[in-house]
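Quick note on labels: first sequence line is chain A, next is B, and so on, each numbered from 1.
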There are 2 protein chains.
Amino acid sequence: MAKKVRSIQRREESLSPDQIVAASIELLDCGGERGLTFRALSERLATGPGAIYWHISSKSDLLTAACDAIVARTMSAPVDGSTPKATIRALALAMFDAIDEHPWVGSALTRAPGQLPTVRVLERIGQQLRALGVRAEEEWATASALLSYILGVGGQNAANSHFAREQGLDRSNFLNEVSTAWSQLDPDEYPFTRNVARQLRVHDDRVDFLAGIDLMLRGIESAGGSRSDSAS
Amino acid sequence: MAKKVRSIQRREESLSPDQIVAASIELLDCGGERGLTFRALSERLATGPGAIYWHISSKSDLLTAACDAIVARTMSAPVDGSTPKATIRALALAMFDAIDEHPWVGSALTRAPGQLPTVRVLERIGQQLRALGVRAEEEWATASALLSYILGVGGQNAANSHFAREQGLDRSNFLNEVSTAWSQLDPDEYPFTRNVARQLRVHDDRVDFLAGIDLMLRGIESAGGSRSDSAS
DNA sequence: ACCTGAACACCGTTCAAGT
DNA sequence: ACCTGAACACCGTTCAAGT
């Protein structure tokens, strides 16, 4: 109160990292990775490009921060936790959906290995692996395999959206084009891919993603390390 | 023969796509993704930047072509094929090693979804899944899961190298830094990651990669679709 | 048919100068 | 402490003009 007068119009609304990240997410959501530009960003924040550098140190840091905002939100949301397996499935699906909604997160995740965003995912999955009874020596390899799969699918999803956007198609049109290209491959060299092209056309990304997770969960179970399949 | 005289010094060494791809690979190998530049490339090929556009249509096409050259070489090399499982392991390891040697391939693969390079991998893996007796309806989802895992690990590897290069460390030094960062995380929020930080320091990427492949192979087996585990 | 190289329309980043 | 905005050192891509 006593200080009200002393702070002479000191603009209370000085730029904050949170504002910058929020504006970046908007730009990324509507323009993809190419949409995030220091000039577009500074225009949206009504400043100059240099101002942003007072708060963040590089574009790649900014991208990681934006990615982390999404991942943090996603990994802290409540999730079906009736069993460790169900929890892992739900966590994986939550990441899948987040990347589906913000495709740029898929590539940003891959580009910040070992950083906060991936650690959030690793941690939550790892805790469930413990609850599943995975042996201590295998914890890292197992968690890391699940994480790599999630990042791999996420990266593919991001790339699909990016490709589709660049050619002005929507995603399912793009997958249709891939499917027809595959069905025209040489039958002697690419029998499997040709055959599977049909399945690609009618498939559901989300279902296939989950099938992969289930595959890995079955593999974990049959490794013989599981002692309890329900935690709490 | 009769035409020898008519072609008056027509420079036989006109630029070929193969030359361009070969030069691109050299640049990528020694400078990473940032090392591939139309100016650097045209200097190395002793022409102007515009000349390259006569043969290729964009930088992203060029990157995919370079990536495909590596993948084609890798997937056509002979491989231990005593059983379908052994073949899948060997194929996966071959990709792992190729990406280890050319880290930029890891990110290039992800950025060209459904294109030739990934199709080569998909095809060879898919053929082995048939030999394993995977049911037709599950062929696509299974092959796609394995592919995503391989791409995921590859992308992480590429990112690790990229990160390490940017900070002037070698890769194992970089992993050490990640490990110490992890061991300093908050014990209440990140118990799993903290604990696993030790394992990260002494781990072997290749071994962990293979553990993930084996996990998925076990999952495929226990799915009940396998009828024969040796093909020829 | 193939190449040249200047020019265009951008980038991320820096930094003196301001308040 | 925080912001401004011009300037720097690059990019990928195009295109008239050459051979």
(message) Taking the basic N atoms (NZ, or NE/NH1/NH2) and the acidic carboxylate oxygens, is any pair closer than 4.0 Å for B:Asp97 and B:Arg206?
(response) yes

(request) Taking only the side-chain heavy atoms of A:Arg39 (C-beta and beyond), determine which of D:dT13, C:dC11, D:dT4 contains the nearest atom. (result) C:dC11

(message) Under 4.0 Å, heavy atom to any atom of DNA chain D: which of residues 20-38 of chain A qualify?
(response) none

(request) Could you tell me whether the phosphate oxygens of D:dA1, OP1 or OP2, come under 4.0 Å of any side-chain nitrogen or oxygen in A:His55? (result) no

(message) How long is the straight-line distance from CD1 of B:Ile70 back to CD1 of B:Ile25, given to the nearest 0.5 Å?
(response) 4.0 Å

(message) In whole Å, I'd like the distance from the CG atom of A:Asp61 to the P atom of C:dT13.
(response) 9 Å

(message) Need the pair for C:dC15. Rule: Watson-Crick or G-U wobble, both distances under 3.5 Å, any strand; none if unpaired.
(response) D:dG5

(request) Mind calculating the distance between CD1 (A:Ile56) and C1' (D:dC2) to the nearest angstrom? (result) 15 Å

(request) Decide whether A:Asn160 and A:His162 meet the rule of one side-chain donor and one side-chain acceptor closer than 3.5 Å. (result) no

(message) Determine whether B:Thr193 and A:Glu123 satisfy the following criterion, side-chain hydrogen bond (donor to acceptor under 3.5 Å, both in side chains), listing intermediate values before the conclusion.
(response) CA-CA 6 Å; B:Thr193 308; A:Glu123 178 65 31; 2.6 Å; yes

(request) Could you give the distance separating C:dA16 and D:dC3 at their C1' atoms, to the nearest angstrom? (result) 13 Å

(request) Would you mind reading off the distance between B:Ile52 atom CD1 and C:dC3 atom P, rounded to a whole angstrom? (result) 10 Å

(request) Salt-bridge test for A:Asp68 and A:Arg120: reply yes if a basic N is under 4.0 Å from a carboxylate O, no otherwise. (result) yes

(request) Between C:dT13, D:dC3, C:dC3, spot the one nearest the side chain of B:Ala51, thanks. (result) C:dC3

(request) Let me know the distance between CG of A:Leu41 and P of C:dC11, rounded to the nearest Å. (result) 12 Å

(message) If you assign A:Leu15 and B:Lys59 each to the DNA chain D nucleotide with the nearest heavy atom, which residue ends up on the more 5' nucleotide?
(response) A:Leu15

(message) Would B:Phe209 and B:Phe96 count as a ring pair (Phe, Tyr, Trp, His ring centres under 6.0 Å) here? Give the steps.
(response) CA-CA 8 Å; B:Phe209 170 73; B:Phe96 182 91; 4.9 Å; yes

(message) How many whole angstroms separate atom CG of A:Leu45 from atom P of D:dT4?
(response) 10 Å

(message) I want to verify a distance call: between C:dC2, D:dC3, D:dT13, whose nearest atom is closest to the B:Trp54 side chain?
(response) C:dC2

(message) Counting only Watson-Crick pairs (N1-N3 plus N6-O4 or O6-N4) and G-U wobbles (N1-O2, O6-N3), all under 3.5 Å, who is the partner of D:dC10?
(response) none

(message) Using atom C1' in both nucleotides, what's the gap between D:dA9 and C:dC10 to the nearest angstrom?
(response) 13 Å

(message) Less than 3.5 Å apart, any donor N or O on the side chain of A:Ser107 or A:Glu33 sitting next to an acceptor on the other?
(response) yes

(message) Can you check the distance between D:dC8 and C:dC11, where both ends of the measurement are the C1' atom (answer in whole Å)?
(response) 12 Å

